[in-house]
Number of protein chains: 2
Amino acid sequence: MDRLETRELAYFLAVAEELHFGRAAIRLGIAQPALSKTVRQLERRLGVTLFERTSRAVALTEAGRVLAREAGVALAAMSAAALRTQRAGTRDPRLLLAMKPGGDAGLLPAILAAYDREPQALPVEVVFGAAPSRMLREGQADAALLHAPPDELAGLDTETLLTEAPVAVLPVSHPLAHRASLRMADLAGENLHRKPADPGAMKPLSELMHLIALGRTVAVLPRVLTRPLRDDLITVPMTDLPPVALLLAWPAHSTSRPVAALARAAAAAISGS
Amino acid sequence: MDRLETRELAYFLAVAEELHFGRAAIRLGIAQPALSKTVRQLERRLGVTLFERTSRAVALTEAGRVLAREAGVALAAMSAAALRTQRAGTRDPRLLLAMKPGGDAGLLPAILAAYDREPQALPVEVVFGAAPSRMLREGQADAALLHAPPDELAGLDTETLLTEAPVAVLPVSHPLAHRASLRMADLAGENLHRKPADPGAMKPLSELMHLIALGRTVAVLPRVLTRPLRDDLITVPMTDLPPVALLLAWPAHSTSRPVAALARAAAAAISGS
DNA sequence: CCGGTCCATTCCTCCAGGTTACCGATCGCA
DNA sequence: TGCGATCGGTAACCTGGAGGAATGGACCGG
């Protein structure tokens with residue numbers, strides 16, 4: 001078995017996502033026959049069929065689904081290798097900290113202040129993005145502040161900064177607004193805001209808050225994300241949902257001392273506040 | 001920045017390990033100029049120098065050290081992608097469980113028996129190797145039984161099966177042999193057996209036990225590794241060492257239901273015994 | 001039955017990864 | 001000091017294969 005090439009995996013992944021050789025070829029900036037040939041060659045080398053093709057439709061086989069997942073991991077690791085090496089080569093050492101806008105629960109200043117007191121502290125550059133965990137895996141960041149949906153944590157080491165029960169966000173005029181606590185069943189009749197599957201399609205928080213104030217929807221969120229809270233909204237703790245954690249995360253194989261120092265500082269800053 | 005190719009990373013890694021272009025080229029089965037050219041091109045593409053070369057010696061730069069680590073992770077992921085896809089494509093579904101010989105603490109039969117009672121159980125094939133965690137990362141196994149040196153656990157999910165204090169292994173005739181417990185300080189004067197840095201150089205356990213019986217050395221090991229124990233040896237719990245864990249591990253991004261079932265079964269088998 | 005869609009095949013071009021041969025720098029050694 | 005050995009880089013050439021354009025062939029809707 002000869003070694004897999006990144007080009008082959010990238011081509012395969014494009015087809016796996018588009019399920020259409022023509023569109024995938026356009027996305028890759030090549031002609032369709034070259035793409036067909038490369039994918040066929042990949043199948044021959046692996047000794048496995050990756051797609052069920054008819055002249056009308058393309059579908060992944062079971063093996064194709066496995067490769068789609070593994071190829072994503074592998075290409076992210078390749079990308080991370082390049083970016084981390086370039087950053088290590090420049091004489092401008094800094095620590096890239098990724099987070100969603102507003103995702104720090106207002107704790108960032110305390111964390112950064114504590115980190116600055118560490119002996120080997122580097123300048124910290126905060127980079128915002130919709131998917132901080134992906135930025136970690138692709139080497140676009142050294143550490144990230146994120147909330148813990150366990151499915152996004154594969155391959156990352158984490159330090160839990162705080163955990164708390166989620167809260168319902170309601171208009172002050174809402175019938176449930178002044179209850180001391182709520183259960184999911186209490187919200188059964190409400191138009192509960194659902195997080196979209198595609199992180200890119202996620203609404204900005206300010207927009208969501210506006211919709212809630214208008215009575216168009218209600219939401220259940222980690223409490224930290226709701227601060228500061230608009231005057232016309234109120235939050236009520238949920239009692240039957242698992243607590244949500246705010247985490248500091250970094251690549252599992254990281255040996256970076258600055259990252260370790262940041263984790264130390266963040267834990268100290270939180271517990272001390 | 002164009003995308004990194006696996007060939008470039010493999011070539012770079014060979015030079016990084018040999019620190020010698022000629023030997024690395026032989027290992028790769030190519031001529032030395034091709035290797036020099038490719039590494040130079042890699043440096044140009046990354047915009048970073050990876051090696052300090054003189055006409056007499058080759059050394060890694062800081063960026064080179066970063067890439068050496070990252071390249072290893074990335075290539076392991078590529079290899080895993082190929083192997084897992086091939087296994088998914090064959091119509092012979094089985095679960096590959098990696099472990100060191102004797103590393104199961106005698107728990108394997110109970111675990112396998114419990115797993116067989118799971119609804120979607122697959123045939124389990126046990127594969128032995130010196131570095132089970134590496135076999136996981138490279139896709140040569142679906143799950144592994146291993147003891148927890150935390151540095152080997154990067155990128156893996158784990159289920160702790162049992163934890164226990166390490167024990168000292170002594171000849172029955174040893175002055176300390178009949179103490180109820182020991183501290184590391186008690187062993188200060190002994191010729192304590194050290195685990196070699198290279199896992200390949202590790203002695204077989206039976207050999208180590210023989211040396212202990214002869215009075216040539218003493219060892220501190222997880223208790224499970226000492227069973228069954230020779231008549232002429234005795235084990236004494238250590239009180240000032242962190243407990244050692246026996247873990248079931250699998251790749252962090254695995255979504256395999258059989259692996260999940262194995263984790264469930266293993267946990268149940270241990271807690272029930 | 002015809003036109004449109006979509007993947008595969010064929011044939012050609014050209015680049016990049018490989019080879020051999022040679023060069024320049026550096027060290028050990030007489 | 002000068003000779004030979006070691007080692008990485010450079011030059012010139014060759015070739016496999018990645019990519020493009022044109023075409024084929026299967027399948028669908030109308």
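Quick note on labels: first sequence line is chain A, next is B, and so on, each numbered from 1.
Here the shortest heavy-atom pairing between A:Met135 and A:Val127 reads CE-CG2, 4.0 Å.
Heavy atoms of A:Glu5 sit nowhere under 4.0 angstrom from any nucleic acid atom. Counting any heavy atom pair closer than 4.0 Å across all strands shown, B:Phe51 reaches no nucleic acid atom. Residue A:Ala31 is in sugar-phosphate contact alone, with no base atom involved, counting any heavy-atom pair closer than 4.0 Å across all strands shown. A:Glu8 comes within 4.0 angstrom of nothing in the nucleic acid, heavy atoms only.
In this structure, CG of A:Leu35 is placed 9 Å from P of C:dA8, rounded to the nearest angstrom. Atom OH in A:Tyr11 sits roughly 17 Å away from atom P in C:dC7 (whole-Å rounding). In this entry the distance linking CD of A:Gln32 with P of D:dA18 reads 17 Å, nearest Å. Rounded to a whole Å, the CG atom of B:Leu42 is 15 Å from the C1' atom of C:dA16. Remark: C1' of D:dA18 and CZ of A:Arg45 are 13 Å apart, rounded to the nearest angstrom. For the pair A:Glu52 CD and C:dC7 P, the computed distance is 14 Å after rounding to whole Å. Atom pair A:Arg56:CZ and C:dC7:C1' shows a separation of 11 Å (rounding to whole Å applied). The nearest whole Å value for the distance from the NE2 atom in A:His20 to the P atom in D:dC27 is 17 Å.
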Q.
For A:Glu159 and A:Arg264: C-alpha separation, side-chain torsions, deciding distance, then whether salt bridge (Lys or Arg N to Asp or Glu O under 4.0 Å) applies.
A. CA-CA 9 Å; A:Glu159 172 91 32; A:Arg264 234 185 355 257; over 6 Å; no
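The side chain to side chain donor-acceptor pair (under 3.5 Å) search around A:Glu8 returns A:Gln41, A:Arg45, not counting sequence neighbours. Remark: A:Arg257 engages no residue in a side chain to side chain donor-acceptor pair (under 3.5 Å) (not counting sequence neighbours).
The phosphate of D:dC7 has neither OP1 nor OP2 within less than 4.0 Å of any side-chain N or O from B:Arg53. When the side-chain nitrogen and oxygen atoms of A:Ser36 are compared with OP1 and OP2 of C:dC7, none of them lie within a distance under 4.0 Å.
Comparing A:Gln41 and B:Lys37, the nucleotide of DNA chain D nearest to each residue sits closer to the 5' end for B:Lys37. A residue-by-residue look at B:Arg40 and A:Thr38 shows that B:Arg40 has its nearest nucleotide of DNA chain D further toward the 5' end.
With hydrogens and angles disregarded, a donor-acceptor distance shorter than 3.5 Å links the side chain of A:Tyr115 to the backbone of A:Leu122.
Among D:dA18, D:dA21, C:dT19, the nucleotide with an atom closest to any side-chain atom of A:Pro33 is D:dA21.
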